[in-house]
Amino acid sequence: MFFALVANSAFAQFIITNGTSTMEISSNFSGFYNSRSLKAGEVDQSKDRFKLRDAQLGISGRAGHDFEYSCNIDFADMAANSINTVIDPENPGLLNANVTYKGFKFVDVEMGYGKLYYSRNSMVSFDNSAYWQAAEITRGSVFSVRDIGVTLIKDFWHKRANAYLGAYTGLGELSLAGDNDPSGHLEYISRFDVSYPCRFRYSEIDIKHSPIPMFQIGVAGRYANKKLPVGTTFPTNATSVYGLKVIDGERYIYGCDVAFQYLGFSGQFEIHQMKSKPQNPNDPLFQNYTIDQTNGYILSGGYIAQLNYYVKDWRTILSARYEELDLNDLVAGSARRFSPAIGYRLKGTNALVKFQYFNILRDESIDLQSWKEQYRIGVQFQLN
(Lines give C-alpha, C1' and ligand atoms only; values in the text may rest on other atoms or scores of the structure.)
Protein backbone atom coordinates (compact mmCIF):
# COMPACT_ATOMS: atom_id res chain seq x y z
CA MET A 1 0.00 0.00 0.00
CA PHE A 2 1.38 3.39 -0.98
CA PHE A 3 1.36 6.20 1.57
CA ALA A 4 2.25 9.84 0.98
CA LEU A 5 3.30 12.28 3.70
CA VAL A 6 2.76 15.95 2.96
CA ALA A 7 4.12 18.74 5.18
CA ASN A 8 3.20 22.40 4.77
CA SER A 9 6.28 24.23 6.07
CA ALA A 10 4.43 27.50 6.66
CA PHE A 11 2.06 26.15 9.29
CA ALA A 12 3.54 22.66 9.93
CA GLN A 13 0.42 20.91 8.69
CA PHE A 14 0.97 17.19 8.21
CA ILE A 15 -1.31 15.07 6.04
CA ILE A 16 -0.92 11.34 5.53
CA THR A 17 -2.81 9.80 2.62
CA ASN A 18 -3.03 6.50 0.74
CA GLY A 19 -5.25 7.84 -2.02
CA THR A 20 -8.63 6.90 -0.52
CA SER A 21 -8.08 7.82 3.13
CA THR A 22 -6.36 10.81 4.73
CA MET A 23 -5.21 11.78 8.21
CA GLU A 24 -4.30 15.31 9.26
CA ILE A 25 -2.23 16.05 12.39
CA SER A 26 -2.39 19.46 14.04
CA SER A 27 -1.56 21.11 17.33
CA ASN A 28 -2.30 24.27 19.27
CA PHE A 29 -0.38 25.91 22.11
CA SER A 30 -1.46 28.94 24.12
CA GLY A 31 -0.65 30.55 27.44
CA PHE A 32 -1.31 33.82 29.21
CA TYR A 33 -0.65 35.98 32.23
CA ASN A 34 -3.70 36.90 34.32
CA SER A 35 -4.08 39.79 36.78
CA ARG A 36 -7.11 40.81 38.86
CA SER A 37 -8.14 44.01 40.62
CA LEU A 38 -9.84 42.80 43.80
CA LYS A 39 -12.81 44.38 45.56
CA ALA A 40 -12.35 46.16 48.88
CA GLY A 41 -11.66 43.70 51.67
CA GLU A 42 -10.48 40.88 49.37
CA VAL A 43 -6.86 39.74 49.74
CA ASP A 44 -6.55 36.48 47.75
CA GLN A 45 -4.33 37.20 44.72
CA SER A 46 -3.91 33.53 43.74
CA LYS A 47 -5.42 34.19 40.30
CA ASP A 48 -2.52 36.51 39.42
CA ARG A 49 -0.40 33.95 37.60
CA PHE A 50 0.89 32.53 34.34
CA LYS A 51 -1.18 29.69 32.90
CA LEU A 52 -0.70 27.19 30.09
CA ARG A 53 -4.17 27.17 28.57
CA ASP A 54 -3.65 24.79 25.65
CA ALA A 55 -1.26 22.04 24.65
CA GLN A 56 -3.45 20.32 22.07
CA LEU A 57 -2.90 17.48 19.66
CA GLY A 58 -5.52 16.91 16.99
CA ILE A 59 -6.08 14.07 14.54
CA SER A 60 -8.76 14.27 11.88
CA GLY A 61 -9.40 12.86 8.44
CA ARG A 62 -11.44 10.70 6.15
CA ALA A 63 -11.62 6.91 5.98
CA GLY A 64 -12.76 5.78 2.57
CA HIS A 65 -15.58 7.75 0.97
CA ASP A 66 -18.17 7.74 3.76
CA PHE A 67 -16.45 8.24 7.12
CA GLU A 68 -14.87 11.33 8.66
CA TYR A 69 -13.32 11.38 12.12
CA SER A 70 -11.85 13.84 14.59
CA CYS A 71 -10.09 13.60 17.96
CA ASN A 72 -8.56 16.52 19.90
CA ILE A 73 -6.83 16.17 23.25
CA ASP A 74 -5.54 19.01 25.43
CA PHE A 75 -2.72 17.75 27.65
CA ALA A 76 -2.57 21.01 29.63
CA ASP A 77 -6.21 20.68 30.68
CA MET A 78 -5.88 16.97 31.41
CA ALA A 79 -3.00 17.73 33.78
CA ALA A 80 -4.95 20.55 35.47
CA ASN A 81 -8.13 18.45 35.79
CA SER A 82 -6.18 15.60 37.39
CA ILE A 83 -5.37 17.99 40.26
CA ASN A 84 -8.57 20.05 40.47
CA THR A 85 -11.86 18.56 41.67
CA VAL A 86 -13.93 20.74 39.30
CA ILE A 87 -13.56 20.47 35.51
CA ASP A 88 -13.44 23.74 33.58
CA PRO A 89 -16.26 23.19 31.04
CA GLU A 90 -14.58 25.43 28.47
CA ASN A 91 -11.33 23.45 28.77
CA PRO A 92 -12.26 19.86 29.66
CA GLY A 93 -9.16 18.02 28.43
CA LEU A 94 -10.81 15.87 25.79
CA LEU A 95 -12.24 18.37 23.33
CA ASN A 96 -13.85 15.97 20.87
CA ALA A 97 -13.74 12.34 19.73
CA ASN A 98 -16.30 11.52 17.07
CA VAL A 99 -17.01 9.86 13.73
CA THR A 100 -19.35 11.12 11.02
CA TYR A 101 -20.98 8.78 8.53
CA LYS A 102 -21.80 10.43 5.17
CA GLY A 103 -23.04 7.40 3.27
CA PHE A 104 -26.73 8.25 3.54
CA LYS A 105 -28.21 10.31 0.74
CA PHE A 106 -30.25 12.77 2.80
CA VAL A 107 -28.50 13.11 6.16
CA ASP A 108 -25.08 12.83 7.84
CA VAL A 109 -24.80 11.04 11.19
CA GLU A 110 -22.25 12.18 13.78
CA MET A 111 -21.53 9.80 16.66
CA GLY A 112 -19.35 10.35 19.72
CA TYR A 113 -18.23 13.19 21.97
CA GLY A 114 -17.87 16.83 21.03
CA LYS A 115 -19.42 20.27 20.88
CA LEU A 116 -23.20 20.45 20.90
CA TYR A 117 -25.05 22.08 17.99
CA TYR A 118 -27.03 24.55 20.07
CA SER A 119 -25.30 27.89 20.74
CA ARG A 120 -23.53 29.63 17.84
CA ASN A 121 -21.13 31.39 20.21
CA SER A 122 -20.01 28.09 21.75
CA MET A 123 -19.63 26.52 18.29
CA VAL A 124 -17.09 29.16 17.22
CA SER A 125 -13.52 27.90 17.52
CA PHE A 126 -11.25 29.50 20.14
CA ASP A 127 -8.70 29.96 17.34
CA ASN A 128 -11.02 32.40 15.55
CA SER A 129 -11.52 34.78 18.47
CA ALA A 130 -9.54 37.54 20.16
CA TYR A 131 -10.92 36.43 23.53
CA TRP A 132 -9.30 34.16 26.10
CA GLN A 133 -12.65 33.25 27.62
CA ALA A 134 -16.14 32.91 26.18
CA ALA A 135 -19.14 34.72 27.64
CA GLU A 136 -20.33 33.17 30.91
CA ILE A 137 -23.66 31.96 29.56
CA THR A 138 -22.06 30.07 26.64
CA ARG A 139 -18.81 28.78 28.16
CA GLY A 140 -20.42 25.71 29.73
CA SER A 141 -21.28 26.72 33.29
CA VAL A 142 -24.99 27.38 32.69
CA PHE A 143 -25.72 24.76 30.03
CA SER A 144 -23.33 22.14 28.70
CA VAL A 145 -21.46 22.79 25.44
CA ARG A 146 -20.08 19.25 24.99
CA ASP A 147 -21.63 15.81 25.46
CA ILE A 148 -21.75 12.24 24.13
CA GLY A 149 -24.49 11.23 21.71
CA VAL A 150 -25.75 11.05 18.15
CA THR A 151 -26.51 14.01 15.85
CA LEU A 152 -28.33 14.04 12.52
CA ILE A 153 -26.97 16.82 10.29
CA LYS A 154 -28.48 18.14 7.06
CA ASP A 155 -27.56 21.16 4.96
CA PHE A 156 -29.75 22.79 2.30
CA TRP A 157 -29.57 25.51 -0.31
CA HIS A 158 -25.85 25.01 -1.09
CA LYS A 159 -24.99 24.98 2.65
CA ARG A 160 -26.72 28.28 3.33
CA ALA A 161 -29.12 26.46 5.68
CA ASN A 162 -28.21 23.84 8.29
CA ALA A 163 -30.37 21.61 10.48
CA TYR A 164 -29.24 19.57 13.51
CA LEU A 165 -31.16 17.10 15.65
CA GLY A 166 -29.50 15.07 18.39
CA ALA A 167 -29.87 12.93 21.51
CA TYR A 168 -27.19 12.96 24.23
CA THR A 169 -26.51 11.53 27.68
CA GLY A 170 -27.30 14.95 29.14
CA LEU A 171 -24.57 15.32 31.76
CA GLY A 172 -22.21 17.42 29.65
CA GLU A 173 -18.51 16.75 30.13
CA LEU A 174 -19.38 14.43 33.05
CA SER A 175 -20.94 12.02 30.54
CA LEU A 176 -17.36 10.81 30.01
CA ALA A 177 -17.56 9.15 33.43
CA GLY A 178 -19.76 6.48 31.85
CA ASP A 179 -23.12 6.42 33.67
CA ASN A 180 -26.27 8.48 33.21
CA ASP A 181 -28.29 9.93 36.09
CA PRO A 182 -30.75 7.56 37.90
CA SER A 183 -33.61 8.42 35.50
CA GLY A 184 -31.66 7.17 32.47
CA HIS A 185 -33.31 9.92 30.41
CA LEU A 186 -31.47 11.65 27.56
CA GLU A 187 -31.19 15.30 26.56
CA TYR A 188 -32.57 16.32 23.15
CA ILE A 189 -31.23 19.28 21.18
CA SER A 190 -32.18 20.82 17.84
CA ARG A 191 -30.89 23.78 15.86
CA PHE A 192 -31.66 25.41 12.51
CA ASP A 193 -29.82 28.34 10.94
CA VAL A 194 -29.95 30.05 7.58
CA SER A 195 -27.48 32.42 5.89
CA TYR A 196 -27.84 34.98 3.10
CA PRO A 197 -26.72 35.60 0.40
CA CYS A 198 -24.13 32.79 0.69
CA ARG A 199 -22.76 30.25 3.14
CA PHE A 200 -21.73 31.75 6.49
CA ARG A 201 -19.29 29.69 8.55
CA TYR A 202 -19.29 29.60 12.37
CA SER A 203 -16.66 32.29 12.86
CA GLU A 204 -16.45 35.63 14.68
CA ILE A 205 -13.94 37.61 12.63
CA ASP A 206 -14.22 38.71 8.99
CA ILE A 207 -10.57 37.96 8.15
CA LYS A 208 -11.15 38.12 4.37
CA HIS A 209 -13.07 41.44 4.42
CA SER A 210 -16.20 40.08 2.73
CA PRO A 211 -17.05 42.25 -0.28
CA ILE A 212 -20.79 41.70 0.17
CA PRO A 213 -22.87 41.91 3.38
CA MET A 214 -23.47 38.45 4.88
CA PHE A 215 -26.08 37.51 7.49
CA GLN A 216 -27.06 34.45 9.50
CA ILE A 217 -29.93 33.78 11.90
CA GLY A 218 -30.32 30.65 14.02
CA VAL A 219 -32.88 29.22 16.43
CA ALA A 220 -32.29 26.33 18.83
CA GLY A 221 -33.90 24.40 21.66
CA ARG A 222 -33.07 21.65 24.15
CA TYR A 223 -35.00 19.53 26.66
CA ALA A 224 -34.02 17.22 29.52
CA ASN A 225 -35.87 15.52 32.38
CA LYS A 226 -33.36 14.30 34.96
CA LYS A 227 -33.46 12.85 38.46
CA LEU A 228 -30.79 13.70 41.03
CA PRO A 229 -30.43 12.65 44.67
CA VAL A 230 -30.89 16.25 45.85
CA GLY A 231 -31.93 19.54 44.25
CA THR A 232 -29.04 21.57 42.86
CA THR A 233 -28.46 25.24 42.32
CA PHE A 234 -25.70 27.35 40.83
CA PRO A 235 -23.35 28.31 42.34
CA THR A 236 -24.39 28.28 46.03
CA ASN A 237 -24.50 24.48 46.41
CA ALA A 238 -20.81 23.64 46.56
CA THR A 239 -21.52 19.90 46.74
CA SER A 240 -23.08 19.92 43.28
CA VAL A 241 -20.80 19.22 40.34
CA TYR A 242 -23.61 19.99 37.87
CA GLY A 243 -24.84 23.51 38.69
CA LEU A 244 -27.73 24.62 36.47
CA LYS A 245 -26.60 22.29 33.69
CA VAL A 246 -28.48 19.37 35.26
CA ILE A 247 -31.40 19.85 37.64
CA ASP A 248 -33.64 17.46 39.56
CA GLY A 249 -36.57 17.76 37.15
CA GLU A 250 -37.45 19.12 33.73
CA ARG A 251 -35.49 21.80 31.92
CA TYR A 252 -36.32 23.63 28.70
CA ILE A 253 -33.86 25.98 26.97
CA TYR A 254 -34.56 28.18 23.94
CA GLY A 255 -32.01 30.26 22.05
CA CYS A 256 -31.76 32.63 19.11
CA ASP A 257 -28.66 34.14 17.48
CA VAL A 258 -27.91 36.62 14.71
CA ALA A 259 -24.55 37.30 13.00
CA PHE A 260 -23.29 39.53 10.18
CA GLN A 261 -20.01 40.46 8.48
CA TYR A 262 -18.98 42.96 5.82
CA LEU A 263 -15.65 44.58 4.84
CA GLY A 264 -13.91 43.47 8.04
CA PHE A 265 -16.77 44.41 10.35
CA SER A 266 -18.66 41.62 12.09
CA GLY A 267 -21.13 41.26 14.92
CA GLN A 268 -22.97 38.62 16.91
CA PHE A 269 -26.03 38.74 19.14
CA GLU A 270 -27.28 35.73 21.07
CA ILE A 271 -30.03 35.27 23.66
CA HIS A 272 -31.08 32.26 25.79
CA GLN A 273 -34.00 31.53 28.10
CA MET A 274 -34.08 28.55 30.49
CA LYS A 275 -37.17 27.22 32.25
CA SER A 276 -36.44 24.82 35.13
CA LYS A 277 -39.16 22.74 36.81
CA PRO A 278 -37.67 20.95 39.85
CA GLN A 279 -39.54 17.86 41.05
CA ASN A 280 -38.96 18.63 44.72
CA PRO A 281 -41.01 21.61 46.05
CA ASN A 282 -38.17 22.24 48.54
CA ASP A 283 -35.49 22.39 45.85
CA PRO A 284 -32.92 25.17 46.58
CA LEU A 285 -33.67 26.66 43.17
CA PHE A 286 -37.00 27.89 44.58
CA GLN A 287 -35.12 30.17 47.01
CA ASN A 288 -37.52 29.27 49.88
CA TYR A 289 -40.59 30.39 47.92
CA THR A 290 -43.59 28.05 47.97
CA ILE A 291 -44.44 26.11 44.84
CA ASP A 292 -47.65 28.14 44.49
CA GLN A 293 -45.70 31.40 44.51
CA THR A 294 -43.43 30.19 41.69
CA ASN A 295 -46.03 28.25 39.65
CA GLY A 296 -43.63 25.32 39.90
CA TYR A 297 -40.76 26.73 37.84
CA ILE A 298 -37.92 29.26 37.80
CA LEU A 299 -36.49 31.18 34.85
CA SER A 300 -32.86 31.86 33.98
CA GLY A 301 -31.26 33.42 30.94
CA GLY A 302 -29.13 36.08 29.39
CA TYR A 303 -27.74 37.56 26.21
CA ILE A 304 -24.47 38.52 24.48
CA ALA A 305 -23.82 41.40 22.09
CA GLN A 306 -20.42 41.58 20.36
CA LEU A 307 -18.86 43.79 17.66
CA ASN A 308 -15.55 43.17 15.88
CA TYR A 309 -13.35 44.76 13.26
CA TYR A 310 -10.32 43.24 11.53
CA VAL A 311 -7.69 45.84 10.59
CA LYS A 312 -6.21 43.98 7.65
CA ASP A 313 -3.10 46.14 7.11
CA TRP A 314 -2.18 45.84 10.80
CA ARG A 315 -3.24 42.15 11.12
CA THR A 316 -5.20 43.24 14.21
CA ILE A 317 -8.58 42.17 15.62
CA LEU A 318 -10.58 44.69 17.67
CA SER A 319 -13.54 43.31 19.66
CA ALA A 320 -15.97 44.47 22.31
CA ARG A 321 -18.53 42.30 24.11
CA TYR A 322 -21.37 43.06 26.51
CA GLU A 323 -23.13 40.27 28.38
CA GLU A 324 -25.95 39.99 30.88
CA LEU A 325 -26.88 36.90 32.89
CA ASP A 326 -29.79 36.26 35.28
CA LEU A 327 -29.33 32.93 37.05
CA ASN A 328 -32.68 32.95 38.85
CA ASP A 329 -35.70 35.22 38.34
CA LEU A 330 -36.65 34.75 42.01
CA VAL A 331 -33.55 36.73 42.98
CA ALA A 332 -33.53 40.45 42.22
CA GLY A 333 -30.95 41.76 39.77
CA SER A 334 -28.66 40.26 37.14
CA ALA A 335 -24.94 40.11 36.38
CA ARG A 336 -23.49 42.44 33.75
CA ARG A 337 -20.02 42.39 32.20
CA PHE A 338 -18.13 44.32 29.55
CA SER A 339 -15.07 42.82 27.82
CA PRO A 340 -13.01 44.44 25.04
CA ALA A 341 -10.24 42.40 23.41
CA ILE A 342 -7.38 42.86 20.93
CA GLY A 343 -5.69 40.21 18.83
CA TYR A 344 -2.48 40.82 16.83
CA ARG A 345 -1.24 38.23 14.35
CA LEU A 346 2.54 38.08 14.10
CA LYS A 347 3.73 38.50 10.52
CA GLY A 348 4.70 35.33 8.69
CA THR A 349 3.45 33.04 11.47
CA ASN A 350 0.24 31.49 12.72
CA ALA A 351 0.75 33.08 16.16
CA LEU A 352 -1.80 35.45 17.68
CA VAL A 353 -1.08 37.77 20.61
CA LYS A 354 -4.32 38.21 22.59
CA PHE A 355 -5.32 40.76 25.22
CA GLN A 356 -8.67 40.67 27.03
CA TYR A 357 -10.01 43.04 29.67
CA PHE A 358 -12.90 42.00 31.94
CA ASN A 359 -15.04 44.52 33.81
CA ILE A 360 -17.85 43.41 36.13
CA LEU A 361 -20.42 46.19 35.84
CA ARG A 362 -22.78 44.47 38.28
CA ASP A 363 -22.81 41.24 40.27
CA GLU A 364 -25.80 39.02 40.88
CA SER A 365 -26.31 38.38 44.61
CA ILE A 366 -26.16 34.57 44.19
CA ASP A 367 -22.96 34.77 42.12
CA LEU A 368 -20.75 37.28 43.90
CA GLN A 369 -17.17 37.65 42.63
CA SER A 370 -14.11 38.73 44.61
CA TRP A 371 -12.80 40.92 41.77
CA LYS A 372 -13.93 43.95 39.78
CA GLU A 373 -11.48 44.01 36.86
CA GLN A 374 -9.29 41.40 35.19
CA TYR A 375 -6.53 41.61 32.58
CA ARG A 376 -5.29 38.70 30.50
CA ILE A 377 -2.52 38.74 27.88
CA GLY A 378 -0.74 35.91 26.10
CA VAL A 379 0.08 34.11 22.86
CA GLN A 380 -1.75 31.45 20.87
CA PHE A 381 0.30 29.42 18.37
CA GLN A 382 -1.23 26.97 15.92
CA LEU A 383 0.41 24.22 13.92
CA ASN A 384 -2.32 23.38 11.43
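One is the number of the first residue; the rest follow in order along the sequence. Bear in mind that the values here come from a model prediction, so they are computed numbers and not experimental data.
Counting only N and O atoms by type, the side chains of N96 and S70 include a donor and acceptor under 3.5 Å apart. Y344 and R315 share a donor-acceptor pair across their side chains, judged by distance under 3.5 Å alone. Between the side chains of N359 and Y357, at least one donor-acceptor pair of N or O atoms lies under 3.5 Å. Q216 and S195 share a side-chain donor-acceptor pair at under 3.5 Å. For the residue pair T100 and D108, no side-chain donor N or O sits within less than 3.5 Å of a side-chain acceptor on the partner. Side-chain atoms of D54 and N28 include no donor-acceptor pair closer than 3.5 Å. A donor-acceptor contact under 3.5 angstrom links the side chains of Y168 and T151, judged on distance only. A donor-acceptor contact under 3.5 angstrom links the side chains of E204 and Q306, judged on distance only. Side-chain contact, E324 with Y303: a donor N or O sits under 3.5 Å from an acceptor N or O. Defined by atom type and a distance below 3.5 Å, a donor-acceptor pair is present between the side-chain atoms of Q374 and R36. For the residue pair S175 / D147, a side-chain donor-acceptor distance below 3.5 Å is found, with atom types taken as modelled. Side-chain polar atoms of N121 and S119 form no donor-acceptor pair below 3.5 angstrom. S334 and R362 share a donor-acceptor pair across their side chains, judged by distance under 3.5 Å alone.
Of the possible polar contacts, one joining the Q293 side chain to the T290 backbone as a donor-acceptor pair under 3.5 Å is found. At distances below 3.5 Å, not a single donor-acceptor pair connects side-chain atoms of Q273 with backbone N or O atoms of I253. Counting only distance, with no hydrogens or angles, the side chain of K275 and the backbone of R251 share no donor-acceptor pair below 3.5 Å. Listed for the Q279 side chain is a donor-acceptor partner under 3.5 Å among the backbone atoms of K226. Using a distance-only test at 3.5 Å, with no hydrogens or angles considered, no donor-acceptor pair links the side chain of S210 to the main chain of I212. Between the side chain of H272 and the backbone N or O of G302, no donor-acceptor pair lies under 3.5 Å. For N98 (side chain) and Y113 (main-chain N/O), a donor-acceptor pair under 3.5 Å exists by modelled atom type.
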(request) Take I377 and K354 through the test side-chain contact (heavy atoms from CB on, under 4.5 Å) and record every step on the way to the result. (result) CA-CA 6 Å; I377 185 169; K354 293 183 174 186; over 6 Å; no

(request) Apply the test side-chain contact (heavy atoms from CB on, under 4.5 Å) to residues F67 and Y101: give CA-CA distance (whole Å), side-chain angles for both, the deciding distance (0.1 Å), then the verdict. (result) CA-CA 5 Å; F67 287 94; Y101 179 67; 3.4 Å; yes

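Relative ring orientation between F358 and W371 is described as perpendicular, the plane-to-plane angle rising above 60° on a 0-90° scale split at 30° and 60°. Using cut-offs of 30° and 60° for the angle between ring planes, the Y252 and Y254 rings count as parallel. Classified by interplanar angle (parallel below 30°, tilted 30° to 60°, perpendicular above 60°), the ring pair Y164/Y117 is parallel.
For the pair V107/I153, no side-chain contact is recorded, criterion being any heavy-atom separation below 4.5 Å from C-beta on. Residues I59 and E24 have side chains not in contact (no heavy-atom distance under 4.5 Å, counting atoms from C-beta outward).
Here the closest heavy-atom approach between residue A130 and residue G343 is recorded as CB-N, 3.9 Å.
For K159, the NZ atom is loosely surrounded, since the number of other residues' heavy atoms within 6.0 Å does not exceed 12. The local environment of NZ in K47 is sparse, with at most 12 non-hydrogen atoms from other residues, nucleotides or ligands closer than 6.0 Å. More than 12 heavy atoms of other residues, nucleotides or ligands lie within 6.0 Å of OH in Y33, so this atom counts as buried by the packing criterion.
Between R222 and E187, at least one side-chain nitrogen of the basic residue sits less than 4.0 Å from a carboxylate oxygen of the acidic one, meeting the salt-bridge criterion. Electrostatic pairing of D193 and R191 counts as a salt bridge here, judged by a charged N lying under 4.0 Å from a carboxylate O.
Here the options are F50, W132, Y131, the test is ring-ring contact (aromatic ring centres under 6.0 Å, His included), and the partner is F32; only W132 passes. The salt bridge (charged side-chain N to carboxylate O under 4.0 Å, His left out) with E173 is formed by just one residue from the set K115, K245, R139; it is K245. A side-chain contact (heavy atoms from CB on, under 4.5 Å) with Y310 holds for exactly one of I207, L263, D206, L318; it is I207.
For the atom pair CG (L325) and OG1 (T138), the distance works out to 10.0 Å, reported to the nearest 0.5 Å. Between the CG atom of L116 and the CD1 atom of I189 there is a distance of 4.5 Å, given to the nearest 0.5 Å. Annotation: the span from E250 atom CD to N225 atom CG amounts to 4.5 Å, rounded to 0.5 Å. One distance of note links CG of L299 with CG of N328; it measures 8.5 Å at 0.5 Å rounding.
Using a 4.5 Å cut-off between side-chain heavy atoms of Ile, Leu, Val, Met, Phe, Trp and Tyr, with links allowed through other members, V258 and Y202 fall into different hydrophobic clusters.
Annotation: Y309 is in aromatic contact with F265 [ring centroid separation under 6.0 Å]. With ring centers used as reference points, F143 lies under 6.0 Å from Y118.
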